[in-house]
Participant: 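Next up is a structure, given as structure tokens.
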Amino acid sequence: MKRPPVFKQPVFKPGVFRKRRARRPHPRLKGLSINHLLPNVLTVLALCSGLTAIRFAMHERWEQAVMCIVIAAVFDALDGRIARLLNGQSKFGAELDSLSDVISFGVAPAFMMYLWALNGAGSLGWIAAMAYAVCAALRLARFNSRLGDVDLPPWAFNYFTGVPAPAGAGLAVLPMVIGFEAGPAVAGHPAIVVPWTLLVGGLMVSTLPTFSGKGMRVPTHYVVPALVGVGLLAASLVSQPWWTLAFVGLVYMASLPFSIAQFRKLQRAAQMMQAVEEPVVAEGAGADAAEADALRPGPAASSPEAKTTTD
């Protein structure tokens, strides 16, 4: 007689439950993140705004052209700060920013001023417009060549060398802005616009120290007045945009002597500190040398070297 099996047979047939295959992970897309792309988007918008200013100038729509330059300056101020905040700096972004600045703050203002007033001076007006555009390009090339320069002292990082390109563009179109309210008969006369354009171009390639504003700190007790001033400036831009922009440009020109004086004051203070530290270091080095000579064993009295030294 056949014995029953000790262990029961499996209820389910083998192979009914199969192991699920592990799902293949989706491949991650390669490329730049939005954080790295956003500063470049702002730079391209600044470039488009500068090109649009040229288009408006060709149709003699001067007010719209000036507003495009202002918008390009705002985009240019935002792209660098956002790149630092999002850690999206790149060599590509730096080169794109420089090319955009040459068009928006070099070529566009020169083209606008030539069509508005400089063409009345003939060849001299064209020379002034071309000189300004060349100075803007040279200023940006010099700025790029000094990126990452570690030879600058710490107190010099809050200053630009020469007038920056966006500020230079605003100063270049300042006669046009004043002409919107005072009339182009005086502000747009070639005898005024030609020297002014050459002066702004010279300030851009000069070595004059100008305030940077990147490392500016607002004291705690000045925070509320500063915010009130920003609100008043915004209200003035809405009610009287051209007089407000002219006032800002004149205030910036007036600040140049103060920036030079402040830079030289810091430079003299740094030189005095260096002059005080050098004797201390030299005295310490002399003491160390004397101590080392005292500890060094001298030649014996009976040796030829000792006799020669004595003689």
Side-chain angles (χ1 to χ4, degrees), residues 49-73 76 100-143 160-210 241-257 259-260:
S49 184
L51 293 174
T52 306
I54 296 177
R55 177 181 180 271
F56 282 136
M58 293 175 63
H59 294 282
E60 297 185 356
R61 299 169 63 179
W62 309 115
E63 295 182 358
Q64 290 86 344
V66 172
M67 289 307 300
C68 286
I69 296 296
V70 174
I71 293 172
D76 182 74
S100 173
D101 289 351
V102 169
I103 300 297
S104 300
F105 308 125
V107 176
F111 191 79
M112 290 165 53
M113 296 305 295
Y114 179 77
L115 294 180
W116 185 66
L118 291 177
N119 56 358
S123 300
L124 186 60
W126 173 246
I127 291 174
M130 187 167 54
Y132 170 81
V134 171
C135 289
L138 293 176
R139 191 254 179 275
L140 292 166
R142 182 180 63 186
F143 178 79
F160 287 124
T161 302
V163 175
L171 294 177
V173 300
L174 184 60
M176 182 184 296
V177 173
I178 296 176
F180 293 156
E181 298 291 343
V186 178
H189 197 278
I192 297 176
V193 180
V194 170
W196 178 259
T197 306
L198 293 174
L199 173 63
V200 174
L203 289 175
M204 294 176 70
V205 296
S206 66
T207 57
L208 297 178
T210 58
W242 308 124
W243 282 124
T244 304
L245 290 177
F247 175 76
V248 171
L250 293 176
V251 168
Y252 182 80
M253 284 291 293
S255 69
L256 295 181
S259 65
I260 297 171

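Both backbone and side-chain heavy atoms feed into the values below; hydrogens, waters and symmetry mates do not.
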Participant: Test of understanding: with ring pair (Phe, Tyr, Trp, His ring centres under 6.0 Å), list the residues that count as partners of W243, not counting sequence neighbours.
Facilitator: none
Participant: Could you tell me which non-hydrogen atom of P184 sits nearest to which non-hydrogen atom of W116, and how far apart they are?
Facilitator: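 Taking P184 first and W116 second, the nearest heavy atoms are CB-CZ2, 3.9 Å.
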Participant: Enter the distance from M130:CE to F111:CZ here, rounded to the nearest 0.5 Å.
Facilitator: 14.5 Å
Participant: Please report the interatomic distance CD1(I69) to CG(L245), rounded to the nearest 0.5 Å.
Facilitator: 12.0 Å
Participant: Any chance you could measure C135, atom SG, to L140, atom CG, to the nearest 0.5 Å?
Facilitator: 11.5 Å
Participant: With a 3.5 Å distance limit and no angle check, can you tell me whether S259 reaches the backbone of L256 through a side-chain donor-acceptor pair?
Facilitator: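 Such a contact is found between S259 side chain and L256 backbone.
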Participant: Keeping S49 on the side-chain end and C68 on the backbone end, is there a donor-acceptor pair under 3.5 Å?
Facilitator: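 A pair under 3.5 Å: yes.
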Participant: Rounded at 0.5 Å granularity, tell me how far CG in L118 sits from OG1 in T197.
Facilitator: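 Here the rounded value is 4.5 Å.
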Participant: Among residues at least two apart in sequence or on other chains, which ones pass side-chain contact (heavy atoms from CB on, under 4.5 Å) with A246?
Facilitator: L174, V177, I178
Participant: With a distance cut-off below 6.0 Å to the six-membered ring centre and an angular limit of 45° from the axis, does R139 pair with F105 as a cation-pi contact?
Facilitator: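 The answer is no, since R139 fails at least one limit relative to F105.
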Participant: Surrounding CE of M58 (heavy atoms of other residues, nucleotides or ligands, distance under 6.0 Å), is the total greater than 12?
Facilitator: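 No, because the 6.0 Å sphere around CE of M58 holds 12 heavy atoms or fewer from other groups.
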Participant: When you measure from the side chain of H189 to the backbone of A191, do you find a donor-acceptor pair of N or O atoms at a distance under 3.5 Å?
Facilitator: yes
Participant: Minimum heavy-atom separation for P195 and P190, please, with both atom names.
Facilitator: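 For P195 and P190, the tightest heavy-atom pair comes out as CD-O, 3.9 Å.
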Participant: Less than 4.5 Å apart, side chain to side chain, heavy atoms only: is that true for Y252 and T210?
Facilitator: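 Yes, their side chains come closer than 4.5 Å.
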Participant: I want to check something: taking the side chain as every heavy atom from C-beta on, are L115 and E60 in contact at a cut-off of under 4.5 Å?
Facilitator: no
Participant: Between Y114 and W126, does the ring centre distance come in under 6.0 Å?
Facilitator: yes
Participant: How close do G50 and A72 get, heavy atom to heavy atom, and via which atoms?
Facilitator: N-CB, 4.3 Å
Participant: With a 3.5 Å cut-off and sequence neighbours excluded, list the donor-acceptor pairs that the side chains of residues 161-171 form with protein atoms.
Facilitator:
from : atom 1 : to   : atom 2 : distance (Å)
T161 : OG1    : R146 : NH1    : 3.4

Participant: A128 and L198: which non-hydrogen atoms are nearest, and at how many Å?
Facilitator: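 Looking at all heavy atoms of both residues, the closest pair is CA-CD2, 3.8 Å.
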Participant: Any idea which heavy atoms bring E181 and W242 closest together, and the distance?
Facilitator: OE2-CD1, 3.5 Å
Participant: Is there side-chain contact between P209 and F160, with at least one heavy-atom pair below 4.5 Å?
Facilitator: no
Participant: Nearest 0.5 Å, please: how far is CD1 in I71 from OG in S104?
Facilitator: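 CD1 of I71 is found 11.5 Å from OG of S104.
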Participant: Would you compute the distance between atom CD of Q64 and atom CZ of F56 and round it to the nearest 0.5 angstrom?
Facilitator: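 Rounded to the nearest 0.5 Å, the CD-CZ separation comes out at 5.5 Å.
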Participant: Any side-chain heavy-atom pair from L203 and M253 closer than 4.5 angstrom?
Facilitator: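 Counting from C-beta outward, L203 and M253 do come under 4.5 Å.
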Participant: What is the minimum heavy-atom distance between A110 and A133, and which atoms define it?
Facilitator: CB-CB, 4.2 Å
Participant: So do M176 and V66 actually touch side chain to side chain, heavy atoms under 4.5 Å?
Facilitator: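 V66 reaches M176 side chain to side chain.
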